[in-house]
Amino acid sequence: MAALTNAEIAAALEEIADILDFQGANPFRVRAYRNAARTVGEMTESVADLVEKDQGNLLGLPGIGKDLAEKIATLARSGSLPLLEELRSQVPEGVLDLLKVPGLGPKRAATLYRELGVTDLEELRQACLEHRVRQLKGFGEKTEAAILEGLDLATQATQRMYWAVADQIAQSILQHMEACKGIRSMQFAGSYRRGKETVGDLDLLVVADDATRVMDHFGRFSGVEKVLARGDTKMSVRLQIGLQVDLRNVPEESFGAALQYFTGSKEHNIVLRGRAKERGLKVNEYGVFAGEKRIAGRTEEEVYAALGLPWIPPELREAREEFAWADSGILPTLVELSDIRGDLHVHSTWTDGTASIEEMARAAKARGLSYIAITDHSKRVSMVGGLDADRLRQQWQEIDQINRRLKGFRILKGVEVDILEEGGLDLPDEVLAEADWVVASIHYGQNQSREKITRRVLEALENPYVSCFAHPTGRLIGKRKPYQIDLDAVIRKAAELGKMLELNAHPQRLDLDDVACAAAKKHGVLVVIATDAHSIDGLEALRFGVLQARRGGLSKADVANTRSWPELKQLLNRRS
DNA sequence: GCCGTTTTCGGCCCGACTGTTTTCAGTCG
């Protein structure tokens with residue numbers, strides 16, 4: 001069997017964790033498998049390649065010891081693992097789906113299987129309808145009803161939403177809540193605050209004198225479909241669009257601790273708590289405690305300081321390298337939207353854009369940018385009227401004319417040239433040589449083998465006129481898997497040749513992702529944050545790209561288009 | 001299953017809420 005990809009290895013490890021969890025195994029053993037799955041899933045280098053060179057390479061990785069290194073090596077080499085086969089044979093197919101039902105964890109799912117012989121979601125529904133579930137010890141009428149309701153949600157496949165969509169909802173909730181009297185502080189926490197590319201739910205923290213009034217007001221938000229829970233300090237609702245929103249009222253002196261706690265990530269908090277323990281301290285959502293005495297909690301800065309740490313930006317809180325950076329005083333100052341000077345991937349009505357070159361330029365200028373590159377498609381993208389050499393030169397004449405009119409702004413003559421299926425670029429070198437900025441990208445042959453598609457891209461990078469490789473993995477979040485491309489090889493080649501890689505800022509792409517951005521930075525490859533805007537509104541996406549870059553730990557200097565065009569141009573010349 | 005100048009064994013983050021309990025287990029974040 002062919003070697004497995006990192007994603008496939010990670011999935012296998014997750015499956016082991018799921019089955020062990022269901023079987024009631026030691027929860028820390030389960031966690032070990034989940035941690036390993038995460039480590040493998042976040043690696044840019046191919047684990048299979050690594051193993052081929054030397055299995056010992058795996059041992060240094062976080063959360064991977066002797067046993068897991070061996071199992072991962074076996075998986076990578078043979079595509080299967082005896083332990084996984086054995087576990088699968090012990091559990092009927094479909095039974096793990098029970099864990100997807102909200103309110104059902106490993107314990108209850110196992111009871112349903114053991115006592116009622118339930119092996120899939122449909123049998124579970126039947127058991128509920130026949131009131132057999134409520135007769136089980138530890139279950140009751142309400143649990144049975146909750147499971148029935150949860151079943152509908154589970155079959156709807158509870159989807160995470162794009163950060164950009166969550167942002168709209170969060171902002172309208174804030175607007176609604178601002179009308180409520182007596183709220184002294186209010187902020188969203190959770191993965192939304194960390195700027196994760198998708199958001200599963202929203203967590204809103206408030207400091208208010210009258211929790212009842214705040215919760216009543218919260219319940220009147222127009223999008224609320226159902227109140228799921230309501231206690232003294234916490235209320236959960238489900239919105240009509242399926243998103244769950246939690247509201248917590250916290251004491252003022254605990255606001256920072258609560259913000260830290262509920263911002264997560266869970267993994268970051270586990271490390272933080274471990275460090276507290278080493279110092280004889282305890283951290284919870286109310287503060288940092290030495291014995292009974294609270295020594296911090298009002299602000300996040302206080303909380304981190306009490307643990308001997310600088311404040312860590314939420315985007316970095318994934319238990320990756322942030323603690324090591326903090327310890328050695330090299331936490332990066334993250335790039336900000338205001339650092340961005342230009343947009344280097346913009347379309348116009350010359351191909352599939354909805355606004356003219358001049359309209360896009362003026363809109364970009366109004367956003368405070370000082371340059372854009374018009375990068376319309378090349379001819380291979382025939383569906384959108386991709387440009388051949390003649391049309392492209394015509395377009396550049398128009399750009400020259402507009403540039404003469406525009407003050408304090410520059411439109412670059414660019415192109416998004418297709419990397420052809422059988423290799424080579426869609427326009428001749430002598431045309432590309434006349435461009436200010438050349439973005440190469442893949443639109444066809446996305447399903448090619450790893451070897452073939454990687455070779456195509458490495459070849460394209462070798463072209464002296466290519467400046468940047470756009471949307472490097474082609475993934476569409478939740479919709480389309482990345483190409484089988486060897487991203488590690490692409491990053492190394494880009495480093496070698498001084499080429500840049502795009503972080504496509506479209507909320508469905510965000511490609512490079514955070515982990516790949518970090519890998520690019522490690523190799524000294526400059527990242528271009530660009531919108532790929534096809535409309536004036538599309539220029540808005542820049543801020544989503546910046547957020548992703550921040551999650552990758554990028555500073556201003558790591559992002560190419562924080563420079564003025566003359567500076568950037570010089571960099572291109574020096575590198576080629 | 002991982003990990004270690006407090007440990008190579010015994011830890012592994014912690015609290016709110018719910019429903020079923022009669023003092024707490026399970027789930028969630």
Side-chain angles (χ1 to χ4, degrees), chain A residues 13 16-17 20-22 24-39 58-72 83 98-112 133-147 149-150 158 189-194 199-205 211 215 227-238 244-250 254 257-258 260-289 307 319:
Chain A
L13 295 171
I16 292 173
L20 288 174
D21 204 1
F22 177 75
N26 176 352
F28 299 105
R29 187 178 171 215
V30 176
R31 191 158 95 191
Y33 278 97
R34 293 204 197 281
N35 285 341
R38 179 164 168 261
T39 296
L58 295 177
L59 264 174
L61 298 169
I64 294 178
K66 190 161 170 294
D67 183 273
L68 273 166
E70 241 165 64
K71 290 196 167 87
I72 292 169
L83 172 66
L98 301 186
L99 295 173
K100 293 183 192 148
V101 178
L104 278 190
K107 292 278 164 41
R108 281 179 175 157
T111 303
L112 289 164
V133 170
R134 64 175 65 172
Q135 291 157 15
L136 294 172
K137 188 172 160 61
F139 291 73
E141 260 182 69
K142 289 202 171 173
T143 309
E144 190 177 78
I147 291 174
E149 196 184 352
T158 47
S191 55
Y192 169 69
R193 180 163 179 247
R194 300 202 311 280
V199 173
D201 58 17
L202 289 172
D203 303 282
L204 180 61
L205 300 183
M215 289 187 186
V227 176
L228 300 171
R230 180 170 170 167
D232 293 337
T233 63
K234 182 193 162 181
M235 175 168 169
S236 292
V237 303
R238 188 171 63 233
Q244 183 172 326
V245 188
D246 297 340
L247 175 113
R248 287 184 172 82
N249 188 29
V250 301
S254 297
Q260 193 290 316
Y261 184 89
F262 290 109
T263 296
S265 67
K266 190 175 152 196
E267 290 77 12
H268 176 91
N269 286 356
I270 287 173
V271 176
L272 200 73
R273 262 146 237 282
R275 294 174 70 113
K277 203 159 224 184
E278 283 170 15
R279 283 155 208 260
L281 302 172
K282 187 179 77 164
V283 185
N284 59 26
E285 58 259 57
Y286 299 108
V288 181
F289 293 85
L307 301 171

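The chains referred to below are lettered A, B, ... by the order of the sequence lines, with proteins before strands, and numbering in each begins at 1.
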- Message: So, OP1 or OP2 of B/dG1: does either fall under 4.0 Å of a side-chain N or O from A/K71?
- Response: yes

- Task: Please determine if a side-chain N or O atom of A/T111 lies less than 4.0 Å away from the OP1 or OP2 oxygen of B/dG26.
- Result: no

- Is the closest side-chain donor-acceptor distance between A/N249 and A/T233 under 3.5 Å? no

- Task: Please give the nucleotide sitting opposite B/dT8 as a Watson-Crick or G-U wobble pair, both distances under 3.5 Å, or none.
- Result: none

- Query: Once you round it to whole Å, what is the distance between P of B/dG11 and CD of A/E278?
  - Reply: 16 Å

- Message: By the 4.0 Å heavy-atom rule, please label A/K266 as base, sugar-phosphate, or nothing.
- Response: base

- Task: Check every strand shown and say whether A/L272 touches a base, only sugar-phosphate, or nothing at a heavy-atom separation below 4.0 Å.
- Result: nothing

- Query: When the nearest nucleotide of DNA chain B is assigned to A/K282 and to A/R108 on a heavy-atom basis, which residue is associated with the more 5' position?
  - Reply: A/K282

- Message: Give the residues of residues 25-34 of chain A touching DNA chain B, defined as any heavy atom closer than 4.0 Å, sorted by residue number.
- Response: A/N26, A/F28, A/R29, A/R31, A/A32, A/Y33

- Message: Should the side chain of A/Y261 and the base of B/dG15 be counted as holding a donor-acceptor pair, with the cut-off at 3.5 Å?
- Response: no

- Query: How would you label the contact of A/R230 with the nucleic acid (heavy atoms, under 4.0 Å): base, sugar-phosphate, or nothing?
  - Reply: sugar-phosphate

- Rounded distance in Å - CD (A/E141) to C1' (B/dG19): 12 Å

- What form does the base of B/dT7 take, syn (within 90° of 0) or anti? syn

- Message: Using a 4.0 Å heavy-atom cut-off, does A/T233 contact any base of the nucleic acid, only the sugar-phosphate backbone, or nothing at all?
- Response: sugar-phosphate

